[in-house]
Amino acid sequence: MIYVCRKEHFNAAHKLWNPKWSDERNVEVFGPCANVNWHGHNFELIVMVKGLPDPDTGFVVDLKKLSTIIRNLVIEKVDHKNLNVDVDFMQGKLASCENLIMEFWKILEPAVKEITSHGGLHKLTLYETPRNFVEYFGE
């Protein structure tokens, strides 16, 4: 099995805040990430596709096409945006990396199927900071 990866970058702001809780509880649980005036990150998204190479091209997936769908379907919607306010697929959800990566999967998984008949989406990795990241393999 071959694992092909594409890394993309975006900048976004968010606030970790549960509207069902008091201000004090939000600060207790989320600390500085509950800042009323938001905070931002330089995110890295790594999309991993697994499969066997197409005998005609030698590709599991065409990386140009993969980059295009990532940029068009995800990056353009989140880059230089407020995840809590500006991003339609995050409305009504806590803007954690865990929730964000699951939404990315819902968007990218069917799109990857459309650009390769020899592979499929295997894993997403989302770096919020160089030391904090989440990985998701779908449901």
Side-chain angles (χ1 to χ4, degrees):
M1 192 63 54
I2 304 293
Y3 298 85
V4 180
C5 300
R6 175 68 189 186
K7 184 184 344 181
E8 298 287 348
H9 175 85
F10 65 96
N11 299 356
H14 71 152
K15 172 173 58 174
L16 297 180
W17 190 268
N18 187 331
K20 298 175 192 170
W21 294 349
S22 67
D23 293 354
E24 295 77 21
R25 178 77 172 137
N26 274 289
V27 171
E28 176 187 329
V29 172
F30 299 122
C33 295
N35 184 353
V36 176
N37 294 315
W38 320 98
H39 68 282
H41 297 283
N42 299 312
F43 290 92
E44 297 286 344
L45 174 63
I46 302 170
V47 176
M48 182 182 290
V49 176
K50 78 172 182 178
L52 297 173
D54 179 321
D56 294 325
T57 65
F59 297 162
V60 172
V61 62
D62 182 326
L63 283 169
K64 287 184 211 165
K65 290 180 182 178
L66 182 60
S67 177
T68 298
I69 66 166
I70 297 166
R71 282 187 282 109
N72 290 345
L73 299 178
V74 172
I75 302 302
E76 287 182 7
K77 295 180 189 262
V78 296
D79 190 35
H80 287 84
K81 300 289 189 330
N82 182 316
L83 300 175
N84 300 77
V85 177
D86 301 325
V87 179
D88 60 350
F89 56 81
M90 290 302 293
Q91 294 301 305
K93 297 174 182 73
L94 190 71
S96 67
C97 284
E98 293 87 339
N99 287 334
L100 186 59
I101 202 168
M102 289 191 301
E103 294 303 313
F104 287 172
W105 184 279
K106 291 176 192 173
I107 293 165
L108 291 172
E109 197 267 336
V112 169
K113 282 183 183 176
E114 290 183 19
I115 63 167
T116 179
S117 58
H118 294 276
L121 187 58
H122 177 67
K123 178 175 80 167
L124 297 178
T125 304
L126 181 63
Y127 281 85
E128 183 179 55
T129 72
R131 293 184 300 271
N132 296 336
F133 64 96
V134 295
E135 295 182 319
Y136 188 59
F137 293 85
E139 301 219 2

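Along the sequence shown, residues carry numbers from 1.
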Following the transitive rule for hydrophobic clusters with a side-chain heavy-atom cut-off under 4.5 Å over Ile, Leu, Val, Met, Phe, Trp and Tyr, establish whether [X] and [Y] coincide in one cluster.
{"X": "Met102", "Y": "Phe104", "result": "yes"}
{"X": "Tyr127", "Y": "Ile75", "result": "no"}
{"X": "Leu108", "Y": "Tyr3", "result": "no"}
{"X": "Ile69", "Y": "Ile107", "result": "yes"}

Using a side-chain heavy atom cutoff under 4.5 Å and only I, L, V, M, F, W and Y, what cluster partners does Val29 have?
->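 The other cluster members (ILVMFWY side chains, heavy atoms under 4.5 Å, direct or chained) are Leu16, Trp21, Phe30, Leu94.
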
Quick one: salt bridge (charged side-chain N to carboxylate O under 4.0 Å, His left out) pairs with a partner in residues 12-26, sequence neighbours left out?
->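 Pairs touching residues 12-26 that pass the test: Arg25-Glu28.
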
Would you list the pairs meeting side-chain hydrogen bond (donor to acceptor under 3.5 Å, both in side chains) in which at least one residue belongs to residues 58-69, sequence neighbours left out?
->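 Output for this query lists Arg6-Ser67, Glu8-Ser67, Ser67-Arg71.
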
Could you list all the side-chain hydrogen bond (donor to acceptor under 3.5 Å, both in side chains) pairs where at least one residue sits in residues 101-125, not counting sequence neighbours?
->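 Those involving residues 101-125 are Asp54-His118, Glu103-Lys106, Glu109-Lys113, Lys123-Glu135.
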
Smallest separation among heavy atoms of [X] and [Y], with atom names:
{"X": "Ile2", "Y": "Pro53", "value": "CG1-CD, 4.0 Å"}
{"X": "Met90", "Y": "Asn99", "value": "CE-CB, 4.2 Å"}
{"X": "Ala111", "Y": "Leu73", "value": "CB-CD1, 3.5 Å"}
{"X": "Ala34", "Y": "Asn26", "value": "CB-O, 3.8 Å"}

Who passes side chain to side chain contact (heavy atoms under 4.5 Å, CB included) against Asp86, sequence neighbours left out?
-> Lys81, Asn82

Those residues that, when tested against Pro110, pass side chain to side chain contact (heavy atoms under 4.5 Å, CB included) (two or more places apart) = none

Quick one: ring-ring contact (aromatic ring centres under 6.0 Å, His included) partners of Phe59, sequence neighbours excluded?
-> none

Mind checking what makes ring-ring contact (aromatic ring centres under 6.0 Å, His included) contact with Phe89, not counting sequence neighbours?
->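 So Phe89 forms no ring-ring contact (aromatic ring centres under 6.0 Å, His included) with any residue.
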
Rounded to the nearest 0.5 Å, the OH atom of Tyr136 sits from the CG atom of Leu100 at a distance of 12.5 Å

Please round to the nearest 0.5 Å and tell me the distance separating atom CD of Glu76 and atom CD1 of Ile70.
->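 The CD1 atom of Ile70 is 12.5 Å from CD of Glu76, to the nearest 0.5 Å.
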
For Glu139, look at atom CD and say whether over 12 heavy atoms of other residues, nucleotides or ligands are found less than 6.0 Å away.
-> no

Between Asn84 and Trp17, does a side chain to side chain contact (heavy atoms under 4.5 Å, CB included) hold up when you go through it step by step?
-> CA-CA 9 Å; Asn84 300 77; Trp17 190 268; 5.6 Å; no

With a cut-off of 3.5 Å and sequence neighbours excluded, list every side-chain donor-acceptor pair involving residues 39-49.
residue: His39; atom: ND1; partner: His14; partner atom: O; Å: 3.1
residue: His39; atom: NE2; partner: His14; partner atom: NE2; Å: 3.2
residue: His39; atom: NE2; partner: His41; partner atom: NE2; Å: 3.1
residue: His41; atom: ND1; partner: Glu128; partner atom: O; Å: 3.4
residue: His41; atom: NE2; partner: His14; partner atom: NE2; Å: 3.3
residue: His41; atom: NE2; partner: Glu128; partner atom: OE2; Å: 3.3
residue: Glu44; atom: OE2; partner: His9; partner atom: ND1; Å: 3.0

Check whether any side-chain N or O of Asn11 sits under 3.5 Å from a backbone N or O of Asp79 as a donor-acceptor pair, and report yes or no.
->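 Side chain of Asn11 to backbone of Asp79, a donor-acceptor pair under 3.5 Å: no, none is there.
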
